[in-house]
Amino acid sequence: MPLSNQTEPNIPIVDFKHWDERHGRQQIAQSLVDGCRDVGFVNIINHGISEAEIQEAFDWTKRLFDLTHEEKMRAPHPPGPDVHRGYSYPGLEKVSQVYGVDADREHVGKALREVKDCKESYEIGSEDNSFMPNVWLPEDVLPGFRDFGLSFYWKCNTVAQKILTALATGLQLDSADTLTQVHSGDYNQLRLLHYPPIKAEELEKQTSARMPAHSDWGSITLLFQDDCGGLQVEDPREKGRFIDATPIKNGLIMNVGDMLMRWSNAVDYLKSTLHRVTLPPLSDRFEGKDRLTRERYSIPYFLTPDMNTVVQCMEACKRLTGAPKYEPVKAGEYLQMRAKLQYEA
Ligand SMILES: O=C(O)CCC(=O)C(=O)O
Ligand SMILES: [Fe+2]
């Protein structure tokens with residue numbers, strides 16, 4: 001698959017259409033693992049969420065962000081990075097790739113915040129996650145939103161379980177259930193995202209960002225995006241060069257997160273690839289003399305292993321990659337470490 005900066009899809013496509021016919025499984029599983037190994041990102045089609053369900057999710061997302069600021073602030077994101085739920089207004093969250101000891105330096109957080117992320121988001125989790133209780137809007141502000149949020153959360157988890165089974169199969173782990181066994185679904189995060197229109201120049205001059213380059217922290221991420229464009233993925237063959245992740249109608253993009261990379265033992269096996277959201281590549285996405293960029297909506301779903309799961313190199317991967325390259329880490333502790341700079345305490 002050529003990796004060029006074109007508007008054609010340039011990320012491998014994996015078709016799950018025949019997943020339920022058992023004989024089709026091995027081949028799907030293998031192409032999924034190949035894509036995760038090559039780019040770290042794959043497009044998945046026939047994943048099991050219908051066109052109508054995807055449309056409904058985008059309709060709710062738009063309805064939510066169309067509310068007034070005061071209405072959205074009735075479900076405010078709690079202060080600090082510990083509970084990632086509810087509504088974050090533009091600029092509140094700062095996405096970055098700084099973590100570990102660097103995150104402890106006070107000036108780092110300040111410097112990062114000089115370039116504002118121009119997006120707003122709403123985070124939803126499982127009602128059974130006692131570490132991060134949901135922050136809901138009062139029902140009369142957006143009737144039906146809570147029911148939609150929970151129902152879509154669990155719909156995405158059904159798809160995610162299928163993908164985890166395919167990954168375990170393609171990786172030839174001891175059992176096809178090895179990954180699903182440590183993903184109850186209660187620690188995932190459904191995120192509704194809105195990038196308002198912005199002058200192209202602000203992104204070009206980097207005085208503002210839509211979403212700066214980062215890797216995801218969990219095991220895998222599923223992403224639905226509208227047709228605006230602007231998501232880019234680092235070319236695995238050339239550091240610093242980004243390729244367009246062109247939206248595919250009704251498809252979803254799946255990418256490997258840091259924990260799955262650590263499980264597989266290395267950047268040279270399953271890749272947790274840097275990605276970012278910037279200007280859309282198509283000229284008809286801009287308007288007027290300020291080249292105002294069309295607004296964009298996206299819906300990522302982050303999968304996280306159960307909090308006490310120890311993430312360490314899996315035996316089947318060791319055979320290919322050699323000695324473990326990362327210290328074992330508990331899923332909950334890794335998440336806390338990565339979240340540190342995202343929200344000011
Ligand atoms: O909006 C997008 O397309 C990507 C979002 C993303 O990468 C994230 O929220 O981690
Ligand atoms: Fe991401």
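Order of appearance sets the numbers: ligands from 1, and atoms from 1 within every ligand.
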Neighbour count above 12 (heavy atom, 6.0 Å) for E287 CD: no

Atom CD of E127 with >12 non-hydrogen neighbours under 6.0 angstrom: yes

Heavy-atom closest contact (D174 atom, T178 atom, distance): N-OG1, 4.2 Å

At less than 3.5 Å, what protein N or O atoms come close to the N or O atoms of ligand 1? Include the distances to 0.1 Å.
from     : atom 1 : to   : atom 2 : distance (Å)
ligand 1 : 1 (O)  : Y195 : OH     : 2.6
ligand 1 : 1 (O)  : R296 : NH1    : 2.9
ligand 1 : 1 (O)  : S298 : OG     : 2.7
ligand 1 : 3 (O)  : R296 : NH1    : 3.1
ligand 1 : 3 (O)  : R296 : NH2    : 2.8
ligand 1 : 7 (O)  : H214 : NE2    : 3.2
ligand 1 : 7 (O)  : H275 : NE2    : 3.1
ligand 1 : 9 (O)  : R191 : NH1    : 3.2
ligand 1 : 10 (O) : H214 : NE2    : 3.0
ligand 1 : 10 (O) : D216 : OD1    : 3.2

Number of protein N, O or S atoms [distance to the Fe ion (ligand 2) under 2.8 Å]: 3

Rounded distance (nearest 0.5 Å) linking atom NZ of K72 with atom CG of L64: 7.0 Å

R291 and E204 ion-paired at < 4.0 Å: yes

Ionic contact status for D306 with K330, cut-off 4.0 Å: no

Within the 6.0 Å centroid threshold, strictly below: Y297 and H194: yes

Side-chain ion pair, E123 and R191, N-O less than 4.0 Å: yes

Close side-chain approach of H77 and Y122, heavy atoms under 4.5 Å: no

